[in-house]
Amino acid sequence: MKKRYFFAIGILMLLIFISIPVIHVLKTKWSEPDHKTEIPKGYTDDASQLNLTKIDTLIKVPSSKTEIENQLRQILRYAKEKKLKISIAGAQHSMGGHTIYPNGILLNMLPYKHMELDAENNILTIGSGALWEDAIEYLDKKGKSIAVMQAFSSFSVGDSISVNGHGWQKNLPPVASTVVSFTLMNHNGEIMNCSREENPELFKLVIGGYGLFGIILDVKLKVVDNTALKYRYIRLNSDNYTDYYKKFISDHPEVNLVFGRLRISDKHFLEEATINYFEKANEKPLALSVQNAKNAETKRLVFRSTVNSEYGKRLRWDLETGMNKVTKNAVYSRNELLNDHVSLIENKDPNSTDLLQEYFIPERNFNQFIKDIKPVLKSSGLDLLNITIRAVNKDEDSYMNYARENVFGFVLLFNQKKTVKQENAMKILTNQLVDITLKNEGTFYLPYRLHIDRVKMRKVYPQTDSFFVLKRTYDPLEIFDNKFYQHYK
């Protein structure tokens, strides 16, 4: 009788233990609205959800090469006649109005997404409006994969070139390094081929040039073989990160994809880290499969349950590190790993938004940077959801380069209420983080909120004034314009 009693108590305790995290995650689901907020007609916004702006015209470009060139020339003539500005957009994942000009013409490039593979030379020709997920699906059938791209596949190729995005491919420069050439329509409607040999200055300016020099049309990208990759991970103290990174990642040629994560719960805040990496497996990669929608939604809810919740942040860390043990040695195809959609972390709360910041720090100052940001993040009052770490090698290709040597990128994701108070708090925090970055000989990434003033921005990017002089040289009427240019020029 006594044994049965204690057994029943044990089962009850186990059920309670399991039910607490389940209920916590389900509460997140129950609190979300059923409907999505729509952007009013005649307006546009970007991923910040803080840049709702009235525009003159939204134009979806055609998919045909001949038609798009004819249409764009007509639009350029119209813009000059009416003294209108043109901004250029793909998936609009930037957060500072980089794809927006008030009362201007907005070009939606997404329909322009043709693809053709030169398998012999491993070069993909692709329309700038194509999403990376389109390219991955196309290449998967041909045994190929994207060489360098961002963590999510729901960005467009033109977006990524315009911000010179970097990836989690092991110790590689940003996406610029994989661009062989591209065609650009300039302010006069002329098509210019840009490469390291032909129009090399324009090539450097357009990559990471935020759509200020013309309209990117056709892009030639280097691609690589799709391979099978085995998952590995290391859990460690964050102050040992660079030593472990060198030992287990840099010194191992079989490692292909890698990212780090810092613990962001109050308990052991920024003191623990994981290095998650994928190394080549001696297997044939399986064909790309459709992601399980239920599994994706579970991942999203676990992530969303961390918002304003210390318990949620601890739970996510424990679940991730626990699953790492379970899935260690699991094998994936490279394309499967690259094909994650931003909806995996989607925020459905209409009263808040998720904002990214990113800082690039040389290895010698890695530990000091973490030490310096720790008290600032703790005292900010803003809700930090995630810090991912990625190694980025020196960028030799873009004019506004952020990786001027080999660096580690710290990608910070915050949840911010859509209030003046929190917007001001975020501006203060961003400036504090940029000051710390300057102290540690680093740079900050430009596609995010425009919270840094012109003077401080030029301390980090001393080439800014010459960049804007060249902008006016190549686009004397400043036809191509956006909020980023207006803020910093």
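None of the values given here were measured: they were computed from a predicted structure. Keep in mind that the numbers below use all heavy atoms, side chains included, and drop hydrogens, waters and symmetry copies.
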Counting neighbours of [atom1] on [X] that are heavy atoms of other residues, nucleotides or ligands and sit closer than 6.0 Å, is the number greater than 12?
X	atom1	result
Asn282	CG	no
Tyr43	OH	no
Glu137	CD	no
Lys427	NZ	no
Gln463	CD	yes
Lys220	NZ	no
Lys80	NZ	yes

Determine whether [X] and [Y] make a side-chain contact, defined as any pair of heavy atoms from C-beta on separated by less than 4.5 Å.
X	Y	result
Leu212	Asp475	no
Met400	Tyr402	no
Asn51	Met95	no
Met149	Ile136	yes
Trp168	Leu338	yes
Glu358	Leu356	no
Met115	Leu139	no
Leu124	Tyr138	yes

Could you tell me whether [X] and [Y] have their ring centroids closer than 6.0 angstrom?
X	Y	answer
Phe369	Phe360	no
Phe366	Tyr241	yes
Phe213	Phe203	no
His487	Tyr485	no

Check whether any side-chain N or O of [X] sits under 3.5 Å from a backbone N or O of [Y] as a donor-acceptor pair, and report yes or no.
X	Y	result
Arg300	Ala296	no
Asp218	Gly127	no
Asn199	Cys194	no
Asp340	Ala151	no
Asn440	Gly442	no
Tyr101	Leu84	no
Asn339	Asn335	no
Ser48	Leu50	yes
Asp134	Leu131	yes
Asp453	Val455	yes

Candidate pair Gln169 and Val224, rule side-chain contact (heavy atoms from CB on, under 4.5 Å), full reasoning: CA-CA 12 Å; Gln169 295 72 31; Val224 297; over 6 Å; no

Salt-bridge criterion met for [X] and [Y] (N-O under 4.0 Å):
X	Y	value
Lys144	Asp225	yes
Lys489	Glu478	yes
Asp56	Lys85	no
Glu279	Arg232	yes

Criterion side-chain hydrogen bond (donor to acceptor under 3.5 Å, both in side chains) against Asn415, the qualifying member of Asp383, Thr353, Asp354: Asp354

Can you name the nearest heavy-atom pair linking [X] to [Y], along with the distance?
X	Y	answer
Arg334	Ser145	NH1-OG, 2.9 Å
Ala176	Ile207	CB-CG2, 3.4 Å
Pro476	Thr473	CD-O, 3.8 Å
Ala135	Ile126	CB-CD1, 3.7 Å
Val180	Ser195	O-CB, 3.5 Å

Arg449 charged N/C atom sitting above Phe444 aromatic ring, 6.0 Å / 45°: no

For the [atom1] atom of [X] and the [atom2] atom of [Y], what is their distance to the nearest 0.5 Å?
X	Y	atom1	atom2	result
Ile249	Lys170	CD1	NZ	7.5 Å
Gln432	Asp435	CD	CG	8.0 Å
Ile361	Phe410	CD1	CZ	6.5 Å
Lys394	Leu172	NZ	CG	16.0 Å
Lys471	Phe467	NZ	CZ	8.5 Å
Thr227	Leu229	OG1	CG	4.0 Å

From CA spacing to verdict: ring pair (Phe, Tyr, Trp, His ring centres under 6.0 Å), Tyr488, Tyr461: CA-CA 11 Å; Tyr488 284 124; Tyr461 289 90; 8.8 Å; no

Where does the angle between the aromatic ring planes of [X] and [Y] fall among parallel (under 30°), tilted (30 to 60°) and perpendicular (over 60°)?
X	Y	value
Tyr231	Tyr233	parallel
Tyr332	Phe278	perpendicular
His252	Phe248	parallel

Candidates Ile215, Thr99, Ile59 - the one meeting side chain to side chain contact (heavy atoms under 4.5 Å, CB included) with Met109: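 The option that passes is Ile215.
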
Full working for side-chain contact (heavy atoms from CB on, under 4.5 Å) between Arg261 and Asn386: CA-CA 8 Å; Arg261 193 93 76 199; Asn386 192 64; 3.2 Å; yes

Salt bridge (Lys or Arg N to Asp or Glu O under 4.0 Å) between Lys246 and Glu363, worked out: CA-CA 11 Å; Lys246 184 177 189 305; Glu363 180 184 328; over 6 Å; no

Phe152/His93 under side-chain contact (heavy atoms from CB on, under 4.5 Å): CA gap, chis, key distance, verdict: CA-CA 11 Å; Phe152 290 120; His93 282 290; over 6 Å; no

Intermediate values then yes/no, side-chain contact (heavy atoms from CB on, under 4.5 Å), Arg304 and Asp349: CA-CA 10 Å; Arg304 297 316 315 174; Asp349 175 13; over 6 Å; no

